[in-house]
Undergrad: 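I'd like to ask you about the structure that follows.
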Amino acid sequence: TYDNSSKNIRNPNNPPQHVISGPRSDDEMGDLILQVMTRSNHDRNILAHGIVEKSMNWTLDGVDYILAPRPNDPEFLMVKGELLRRMGRFDDAVDPLRRSLEFDPENQTIHSVLGRVYRALGRHQEALDHFLEVMRIEPSDPLEHADLGRAYLDVGGPVDRASHHLRQAIELRPEYFRAHMFLGVALAQERDFDESIRSFRRALEIDPDHRETHMELCSTMIMAGYLD
């Protein structure tokens with residue numbers, strides 16, 4: 001039993017104060033941990049999703065608490081934007097990320113996160129602009145080469161630039177599934193069907209269960225005349 005009254009001689013607050021909980025709070029009186037087992041994998045996935053969502057909301061509350069007295073802290077503005085992106089709140093993520101970038105315009109991570117947010121919002125030219133900035137700042141990151149290659153595909157080309165950056169991503173990280181998959185898309189657009197099929201098959205060696213890649217492979221084989 002936790003006694004938060006004035007009768008508890010070990011109570012750190014005199015007079016007693018209301019106890020709150022959440023990330024970065026410093027006055028919890030204890031923790032309660034429950035271990036549960038779900039009846040099915042479906043229920044387990046629902047539970048896991050709920051736990052992650054609740055954890056992110058708690059973390060977001062903590063970030064807002066830190067930002068309250070210093071609303072222009074670029075680091076925590078970036079953290080807030082990334083949290084909102086991960087939560088699927090893309091519109092809400094734009095403002096803190098843009099404000100963070102005003103204070104730190106050479107920050108590769110902010111440009112990268114903003115690019116992904118704009119891509120999710122369908123604002124593909126703005127996404128491309130930020131991925132180009134990332135490449136200017138850090139030209140040796142395979143993930144960013146892949147993002148830039150995909151961004152070129154999203155805006156309709158030039159497709160050869162998309163292929164170039166996707167190949168760079170694969171050279172830097174040979175097992176990078178998404179780079180192989182999007183290279184297959186780019187090569188199909190260039191009508192290099194044999195190389196496209198090879199890229200899709202390589203992607204499926206890495207992730208055999210990726211449905212979208214199976215569909216892209218079948219579509220490309222039809223265009224190439226291998227399937228009736």
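Since this is a predicted model, take the numbers as computed values, not measurements. Position 1 is the first residue of the sequence, and the numbers go up from there.
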Undergrad: Let me confirm one number: the CD1-SG distance from Ile197 to Cys218, rounded to the nearest 0.5 Å.
TA: 10.0 Å
Undergrad: Report the C-alpha separation of Leu121 and Glu126 in whole Å, then their side-chain angles, then the decisive distance to 0.1 Å, and conclude whether the side chain to side chain contact (heavy atoms under 4.5 Å, CB included) test is met.
TA: CA-CA 10 Å; Leu121 291 170; Glu126 290 167 282; over 6 Å; no
Undergrad: Could you tell me if the side chain of Leu183 sits less than 4.5 Å from the side chain of Arg202, heavy atoms only?
TA: no
Undergrad: What's the separation between atom CZ in Arg70 and atom CD in Glu75, rounded to the nearest 0.5 Å?
TA: 8.5 Å
Undergrad: Ignoring hydrogens and geometry, is there a side-chain-to-backbone donor-acceptor pair from His145 to Pro139 under 3.5 Å?
TA: yes
Undergrad: Answer yes or no: is there a side-chain heavy-atom contact under 4.5 Å between Glu144 and Glu138?
TA: no
Undergrad: So with a 6.0 Å cut-off around CE of Met215, is the heavy-atom count from everything else above 12?
TA: no
Undergrad: By the definition side chain to side chain contact (heavy atoms under 4.5 Å, CB included), identify the one residue from Glu82, Arg98, Arg85 that meets it with Leu114.
TA: Arg98
Undergrad: Which heavy-atom pair separates Arg44 from Thr38 by the least distance, and what is that distance?
TA: CB-OG1, 3.3 Å
Undergrad: Working to the nearest 0.5 Å, report the span between OH of Tyr176 and CE of Met181.
TA: 10.0 Å
Undergrad: Contact between Asp194 and Tyr226 at the side-chain level, heavy atoms closer than 4.5 Å - yes or no?
TA: yes
Undergrad: Please find the pair of heavy atoms, one from Lys80 and one from Asp64, that lie closest to each other, and give the distance.
TA: NZ-OD1, 2.9 Å
Undergrad: How far apart are the closest heavy atoms of Gly184 and Ser196, and which atoms are they?
TA: O-OG, 2.6 Å
Undergrad: Kindly assign one of parallel, tilted or perpendicular to the pair His111 and His130, based on the angle between their ring planes and the thresholds 30° and 60°.
TA: tilted
Undergrad: Where do Ala162 and Tyr152 come nearest, in terms of heavy atoms and distance?
TA: CB-CB, 3.7 Å
Undergrad: If hydrophobic clusters are built from ILVMFWY residues whose side chains come within less than 4.5 Å, do Val155 and Leu166 share one?
TA: no
Undergrad: Is the backbone of Pro174 close enough, under 3.5 Å, to the side chain of His180 for a donor and an acceptor to pair up by distance?
TA: yes
Undergrad: Does atom CD of Glu171 have more than 12 heavy-atom neighbours from other groups under 6.0 Å away?
TA: no
Undergrad: Do the side chains of Ile66 and Asp73 get nearer than 4.5 Å, heavy atoms only?
TA: no
Undergrad: CG of Leu67 to CZ of Phe76: how many Å apart, nearest 0.5 Å?
TA: 7.5 Å
Undergrad: Determine whether the side chains of Glu102 and Ser100 contain a donor N or O and an acceptor N or O closer than 3.5 Å.
TA: no
Undergrad: Same cluster for Ile170 and Ile206 if Ile/Leu/Val/Met/Phe/Trp/Tyr side chains link at under 4.5 Å?
TA: yes
Undergrad: Looking at Glu195, is its backbone amide N or carbonyl O close enough to the side chain of Ser199 to form a donor-acceptor pair, meaning the two atoms are under 3.5 Å apart?
TA: yes
Undergrad: Are Val79 and Met87 connected in the hydrophobic side-chain network, where two residues link if heavy atoms are under 4.5 Å apart?
TA: yes
Undergrad: Any chance you could measure Asp160, atom CG, to Leu187, atom CG, to the nearest 0.5 Å?
TA: 11.5 Å
Undergrad: Nearest heavy-atom pair of His124 and Arg119: which atoms, and what distance?
TA: CE1-O, 3.7 Å
Undergrad: Report yes or no: do Leu77 and Leu101 belong to one cluster of Ile/Leu/Val/Met/Phe/Trp/Tyr joined by side chain heavy-atom distances under 4.5 Å?
TA: no
Undergrad: Does Arg123 CZ have over 12 foreign heavy atoms under 6.0 Å away?
TA: yes
Undergrad: Below 4.5 Å, heavy atoms only, C-beta onward: do Gln189 and Val185 meet side chain to side chain?
TA: yes
Undergrad: Please name the pair of heavy atoms, one in Val159 and one in Ala186, separated by the smallest distance, quoted to 0.1 Å.
TA: CG1-O, 3.4 Å
Undergrad: Begin with the C-alpha distance, continue with both residues' side-chain angles, and end with the deciding distance and a verdict on side chain to side chain contact (heavy atoms under 4.5 Å, CB included) for Val36 and Leu47.
TA: CA-CA 10 Å; Val36 298; Leu47 177 62; 3.7 Å; yes
Undergrad: For the residue pair Phe131 and His165, establish whether any side-chain heavy-atom pair is separated by less than 4.5 Å.
TA: no
Undergrad: Can you find a side-chain donor-acceptor pair between Glu53 and Asn57 that sits under 3.5 Å?
TA: no
Undergrad: For Pro71, is there any backbone N or O sitting under 3.5 Å from a side-chain donor or acceptor partner on Arg99?
TA: yes
Undergrad: To the closest 0.5 Å, what do you measure between CG (Leu128) and OH (Tyr118)?
TA: 13.5 Å
Undergrad: For the hydrophobic clusters of this structure (ILVMFWY residues joined by side-chain heavy atoms under 4.5 Å, transitively), does one cluster hold both Val117 and Met78?
TA: yes
Undergrad: Short question: side chain of Thr220, backbone of Glu216 - any donor-acceptor pair under 3.5 Å?
TA: yes
Undergrad: Given side chains that start at C-beta, do those of Leu83 and Thr59 come closer than 4.5 Å, heavy atoms only?
TA: yes
